[in-house]
There are 2 protein chains.
Amino acid sequence: MVDVAREAGVALRTVSRVVNQDSTVGPELVQRVREAIAALGYRPDERARHLRLGVTGTLGAAVRQLSHVNPVLRAVERAARAADLMVLAASTEDDENLERHVVESMCRRRFDGIVLEPIGDDHGYLVPELEAGLSLVAVDRPVLGLDVDCVLSDNRSGIETAYRHLVRHGHDRIAYIGDDERIFTAQERASAFRACVTAHGGLLDTMLHTGRVDDGRVHAAVRAALSGPAPATAIITGNAQLSVEVLRHLGADAVDVALIGFDDSELATLLRPDLTVVAQDTTAIGTTAIDMLRARIADPSTEVRKVTVPVELIARGSGEIPPAS
Amino acid sequence: MVDVAREAGVALRTVSRVVNQDSTVGPELVQRVREAIAALGYRPDERARHLRLGVTGTLGAAVRQLSHVNPVLRAVERAARAADLMVLAASTEDDENLERHVVESMCRRRFDGIVLEPIGDDHGYLVPELEAGLSLVAVDRPVLGLDVDCVLSDNRSGIETAYRHLVRHGHDRIAYIGDDERIFTAQERASAFRACVTAHGGLLDTMLHTGRVDDGRVHAAVRAALSGPAPATAIITGNAQLSVEVLRHLGADAVDVALIGFDDSELATLLRPDLTVVAQDTTAIGTTAIDMLRARIADPSTEVRKVTVPVELIARGSGEIPPAS
DNA sequence: ACCTTTCGAGATAACGTTATCTCAGCTTGG
DNA sequence: CCAAGCTGAGATAACGTTATCTCGAAAGGT
């Protein structure tokens, strides 16, 4: 920049003015500076700019796996772009230590705010950052033990809706195959399922199967649910990955067992019958997260909000299969 | 930092030494500085650090869609992490203007290097950046017109392998349904297919269908390929998305038509029969990209390399269906 | 006892920006 | 015709780090 100033024969400050489109520079000088910039191949350095300005115009997104389908992240990117903010994302790989490393890196880089899919239940490392003014919004899961903005899906009502839908189609013995209950969403969904069964006067017995997603476990769960004296006639799955696994193990039986999957996915319409799902409103989640983050950045004293976004049941066929006589 | 120094009663430089684990600080001072850091909630500012150091220890990844399945990105993140580099990723949404915006932002932030999935064919905006020392590696597609490091899959041999595989299983009339040939990989794959048909003495006729992925077009292509006096008995698809679409339109016929899909995917083993695919070695692509990028960062005069990574045919059933008698 | 080496720690000057203050040269109105 | 206001542009001081140089004191060798 100092070279550009020398080349153009102006003061350093004037180059800065030209670069920032300040109107108080005469057209002749603007021209000279422009030429000098082109001649010297000057490229502004945002590090220095951000350092001086205090803000970076950058949001961080720490998600479980960048390279997985994540429609919320897409909405986050779009909403941020609309607000002229750059989103830079990194994976936490479902690893608490990596999450901490990623988030702390973003803090040291002084990102203006962070969108986080929190992992595990100890987020103590966030406390000093929050005290120092970090703007953070949790997505999909809350930050346990900390009073932090968050945007969640209405997991409970998703399960309830699915359950009622199956009951309305004549099912009485409905099984649930879910993820490891140490995961917040899995816990919420399983607990909602328990409440449904109890309210409906049924027995949990062989109807509830949760745990780590693992080929053998899913297979065993499907078998257990469909066998015995009172086999299930319908299954609800706890997430998209489990829908896939359950379908894999159902095999040809898929046409006889009603199935509702949590989470919509591309393959839902590839199957026969198409998969009935409880779909999250990922666009709403993403845009809400950015709105909340921007509000907090603008005014750190904004009171903490916990937003729950409704889910929607999309009937496509698999959830409307009647119980085998 | 100056506050910490005052609090601890030491010089600024000494705080810096403690933060950077410099061994030339007495244990007593280290202790005092540590306490001051904790008391004041000091958090180092990487912007200033990077400004002073010149490097940022950060790589950018500009990919088409963060929120899509992208195993190459996963490998890139892992390889970078192993080298103690942080990867920050952003989507280009298949939009040339957005690509430019994202890449230029990363340049202004002085990322040490960028992994790019290039879009379109005018990358002139990169020239001044490269001249100014930008380290860049293109992945999946080359940067047309510019001599830049890149890592590509062996698209041609993937198609050839699939073609030969089908011939070996008795097929004679093999159709190809591919993506828009304005996309580099789609062009390469379609062109390889043309060469296969010609070499095999067949007619392209109703056998080659390329264009934008669109419901109607794919449907029409499938119909055209399977009808007429000499219908295809096997289909090769140009990418994972097309495999899905083609399967959707094949419907119940899927058991009668041999199918080989380009790109492996989760649902390949969900179908019956399981999908035979040409799988890219995404791990090799990602790690190679990072290796090349690191080499270029270390020595910008390294000569430009264009690496082609082999692909592998994974037979799972759908590609071994014999031609209908 | 004196010179040299080693070591711990401080002072100062960058890195590349922008905000603030200053000032010279105009215009403008009474 | 002059004071007051405006306007374009320069000088200087930050922003928060780290590299370099310097210096005093302690340790070691003759």
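Chain A is the first sequence line, chain B the second, and so forth, proteins listed ahead of strands; every chain is numbered from 1.
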Below 4.0 angstrom, N of the basic side chain to O of the carboxylate: do [X] and [Y] qualify?
X: A:Asp179; Y: A:Arg212; answer: no
X: B:Arg109; Y: A:Glu46; answer: no
X: A:Arg32; Y: A:Glu28; answer: yes

Measure the distance from [atom1] on [X] to [atom2] on [N] and round it to the nearest whole Å.
X: B:Leu51; N: D:dA14; atom1: CG; atom2: P; answer: 17 Å
X: B:Arg47; N: C:dG16; atom1: CZ; atom2: C1'; answer: 13 Å
X: B:Asp22; N: C:dG10; atom1: CG; atom2: P; answer: 13 Å

Are B:Thr14 and C:dG10 close enough that a side-chain N or O sits under 4.0 Å from OP1 or OP2?
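Yes, because at least one side-chain N or O of B:Thr14 sits under 4.0 Å from OP1 or OP2 of C:dG10.
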Pair up each side-chain donor or acceptor in residues 137-147 of chain B with any protein partner under 3.5 Å, not counting sequence neighbours, and list the distances.
unit_1, atom_1, unit_2, atom_2, d
B:Arg141, NH1, B:Pro118, O, 3.1

Do any side-chain atoms of residues 128-136 of chain A form donor-acceptor pairs under 3.5 angstrom with protein atoms, and if so which ones, sequence neighbours left out?
unit_1, atom_1, unit_2, atom_2, d
A:Glu129, OE1, B:Arg43, NH1, 2.3

Protein-proximity profile, nucleotides 17-25 of chain D, B/S/- by nucleotide at the 4.0 Å heavy-atom cutoff, equals BBBB-----
| What closest approach, in Å, do A:Pro310 and A:Asp154 show between heavy atoms, and which atom pair accounts for it? |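 Scanning both residues, the minimum pair turns out to be CA-CB, 4.3 Å.
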